[in-house]
Amino acid sequence: MPGIDKLPIEETLEDSPQTRSLLGVFEEDATAISNYMNQLYQAMHRIYDAQNELSAATHLTSKLLKEYEKQRFPLGGDDEVMSSTLQQFSKVIDELSSCHAVLSTQLADAMMFPITQFKERDLKEILTLKEVFQIASNDHDAAINRYSRLSKKRENDKVKYEVTEDVYTSRKKQHQTMMHYFCALNTLQYKKKIALLEPLLGYMQAQISFFKMGSENLNEQLEEFLANIGTSVQNVRREMDSDVETMQQTIEDLEVASDPLYVPDPDPTKFPVNRNLTRKAGYLNARNKTGLVSSTWDRQFYFTQGGNLMSQARGDVAGGLAMDIDNCSVMAVDCEDRRYCFQITSFDGKKSSILQAESKKDHEEWICTINNISKQIYLSENPEETAARVNQSALEAVTPSPSFQQRHESLRPAGGQSRPLTARTSSSGSLGSESTSLAALSLDSLVAPDTPIQFDIISPVCEDQPGQAKASGQGGRRTNPFGESGGSTKSETEDSILHQLFIVRFLGSMEVKSDDHPDVVYETMRQILAARAIHNIFRMTESHLLVTCDCLKLIDPQTQVTRLTFPLPCVVLYATHQENKRLFGFVLRTSGGRSESNLSSVCYIFESNNEGEKICDSVGLAKQIALHAELDLEEQSRLIAASSRPNQASSEGQFVVLSSSQSEESDLGEEGKKRESEA
């Protein structure tokens, strides 16, 4: 190491200007050393603080890894492999944390202590000596100045002694202080090198010791463990990259395929309606009545679950039951000038909901899905195949098949479930001769191939209905619910002792070529339902069917206006569907029509609320009363009572028996009252 410049201590007493100039150089060097060492001290202190933070963070990491097995992640599940791996990592990191703690202690002793001592002791000593030397030099200059001003003419021994003593003391003090100051400045040149090298040496020795401890901990077994974990990480990364690539491709495909779906009402030619669904989910607007005439529409997520329609608001954990749709009825409705609305009515007719779909496709699919569920198709092994088979049968229904018998064998239930043909024939009330064998019947003998179907009821004020007696004079007459007559002439129905009211929905009517067998009604039902499915006709007109001893009336439930009147003698045949008991129909024989003969037959098909058999029994009872019109009132009442006993074919039908005076006061809508005998 080269020699070090020194201040001449021997020349301190002389205190020459050259000595003072050299002292200024050493003082400037001491100031530079002080500034540099302060910066180096801050840097090394940051290393020490970072090492302490690293040691604490490593210890916290090890603690968190140990607590992983106690965590309950919603999507993580019980991954024992991951838990055991992290436990192994926590042990290694805990050992590393101990090594980091040792390193922090060594850095504090070997690096921070030497540089702190130099900064706090040596540099501050130089500053203190500098201040003391400056004071002593100023005192010496003042004493010499006073000594120089002593008078030559008036000498005062006392003053001279004091001044001389003051010069002696100040010069001695300056000389001694200057020698110690020069010594400290000369020593600083050595301490500077020590203060630079000793902390660095301690830092490197601490790091070497740390790495040695780490090398001892990282044995071959740990290296093998780390190699296996590295391989697993690479496999997971490759799987992630593959999955990300697949998801990106899926996103691109969905963006292209979903572009037409962004339109609220997509093109039906590109997205055809699926009528074979037995499950569906999506957002619908539900109508909620808030007052007599006011209502609100709430958008909720609806989905089917078995035979239930469920609803779930956004943010809810699970859905709630909206309606039981087993054996329900569904139809398109007009509501508050909104599009794509449909109404679901429960099987007992006590609950109904009006919902609005977003598009025409959703509107039709919801109706078809609920209709399939209502038929309990979802209970079969392959619901969609069964629904497709049923809908395919409906599509094929409009095409004449070679054998009527082959087409109906698949639609009829098993022999134990079907009612005997003779019993249904007798209850159907056919006035013709005995029916011929089913095998001898053909499609053309029942329904003409080009027969049009009427799907809605045309009011008598607009046009005359086929099958309605023009001379009846009942079209458009408002039924008085209070039993009061608008004129002097009483209606024919007011003299009837039988009044039975049912809620029905008109499905359609068409002319038939035969009226002597119940299969005519079955075939007409099949034709009308198939035509409705093909032409997407879901709307049905709801009416009240009034059964009396003289006629059948369709009454508007809102205005009580009679829409149609069917004279009872013209009803020659009536029957209920063999499987769906809500469907029933009757054949009306009238004069005129499409056939060349004078008489024509029209079959009317209706849907009721599980009351098809009750309506047929009520019509049969009315016809029996009409056939025994010559009996007195007491005999007719006895006949009604006998027909409504529980041991009859239909024990559900209960009828109101009224006298002529009571019939004017009774409400047409009352059902289920007990029989009253004439007073």
Side-chain angles (χ1 to χ4, degrees), residues 423-432 467-469 472 474 479 490-504 515 518 521 543-555 562-576 584-590 601-606 608 611-645 648-660 662-664 666-678:
R424 173 49 60 192
T425 304
S426 61
S427 64
S428 65
S430 174
L431 298 181
Q468 179 179 349
S472 62
Q474 301 298 326
T479 303
K490 292 186 177 181
S491 171
E492 296 178 1
T493 59
E494 292 178 345
D495 294 333
S496 175
I497 66 171
L498 175 65
H499 290 77
Q500 186 72 33
L501 196 67
F502 301 94
I503 299 176
V504 297
D515 56 10
V521 180
S543 303
H544 288 172
L545 177 64
L546 178 64
V547 180
T548 68
C549 298
D550 303 316
C551 61
L552 307 180
K553 283 188 176 184
L554 285 180
I555 302 173
T562 301
R563 291 173 172 168
L564 286 177
T565 301
F566 307 100
L568 192 62
C570 298
V571 179
V572 296
L573 180 65
Y574 47 91
T576 308
F584 75 96
F586 57 84
V587 177
L588 197 72
R589 182 185 297 170
T590 60
S601 299
V602 179
C603 185
Y604 294 84
I605 305 300
F606 296 88
S608 64
E611 296 179 336
E613 292 184 345
K614 292 174 64 176
I615 296 175
C616 289
D617 293 338
S618 178
V619 175
L621 177 60
K623 295 187 72 66
Q624 293 182 27
I625 295 176
L627 291 175
H628 299 80
E630 65 277 2
L631 299 177
D632 57 8
L633 188 58
E634 183 177 356
E635 292 295 332
Q636 294 179 4
S637 301
R638 188 178 297 108
L639 178 63
I640 295 175
S643 64
S644 60
R645 290 175 182 171
Q648 296 298 323
S650 177
S651 61
E652 297 179 357
Q654 297 182 3
F655 306 98
V656 181
V657 182
L658 305 173
S659 65
S660 59
Q662 292 170 331
S663 63
E664 297 178 357
S666 63
D667 186 6
L668 295 179
E670 293 181 342
E671 294 182 30
K673 286 188 176 180
K674 296 181 179 180
R675 179 176 58 86
E676 297 179 7
S677 60
E678 184 179 1

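Source: prediction; values computed, not measured.
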So, do L545 and K553 sit near enough that their side-chain heavy atoms are less than 4.5 Å apart?
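No, every pair of side-chain atoms sits at 4.5 Å or beyond.
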Less than 4.5 Å apart, side chain to side chain, heavy atoms only: is that true for V521 and I605?
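Yes, at least one pair of side-chain atoms sits under 4.5 Å.
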Just how far is it from atom [atom1] of [X] to atom [atom2] of [Y], taken to the nearest 0.5 Å?
X: L552; Y: F502; atom1: CG; atom2: CZ; result: 10.5 Å
X: L501; Y: L546; atom1: CG; atom2: CG; result: 6.0 Å
X: T565; Y: I555; atom1: OG1; atom2: CD1; result: 8.5 Å
X: L568; Y: T548; atom1: CG; atom2: OG1; result: 7.0 Å

Applying ring pair (Phe, Tyr, Trp, His ring centres under 6.0 Å), name anything that partners F586, two or more places apart in sequence or on another chain.
F566, Y604, F606
Looking at every non-hydrogen atom in both residues, tell me the closest pair between [X] and [Y] and how far apart they are.
X: S601; Y: D515; result: OG-OD2, 3.0 Å
X: A622; Y: V547; result: CB-CG1, 4.2 Å
X: C616; Y: A575; result: SG-C, 3.7 Å
X: Q500; Y: S618; result: CB-OG, 3.5 Å
X: S608; Y: V504; result: CB-CG1, 4.3 Å

Decide side chain to side chain contact (heavy atoms under 4.5 Å, CB included) for Y574 and I615; before the verdict, give the C-alpha distance in whole Å, the side-chain angles of both, and the deciding distance to 0.1 Å.
CA-CA 9 Å; Y574 47 91; I615 296 175; over 6 Å; no
Residues in side-chain hydrogen bond (donor to acceptor under 3.5 Å, both in side chains) with S543, at least two apart?
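Testing S543 for side-chain hydrogen bond (donor to acceptor under 3.5 Å, both in side chains), a comparison that skips the adjacent residues, returns R563.
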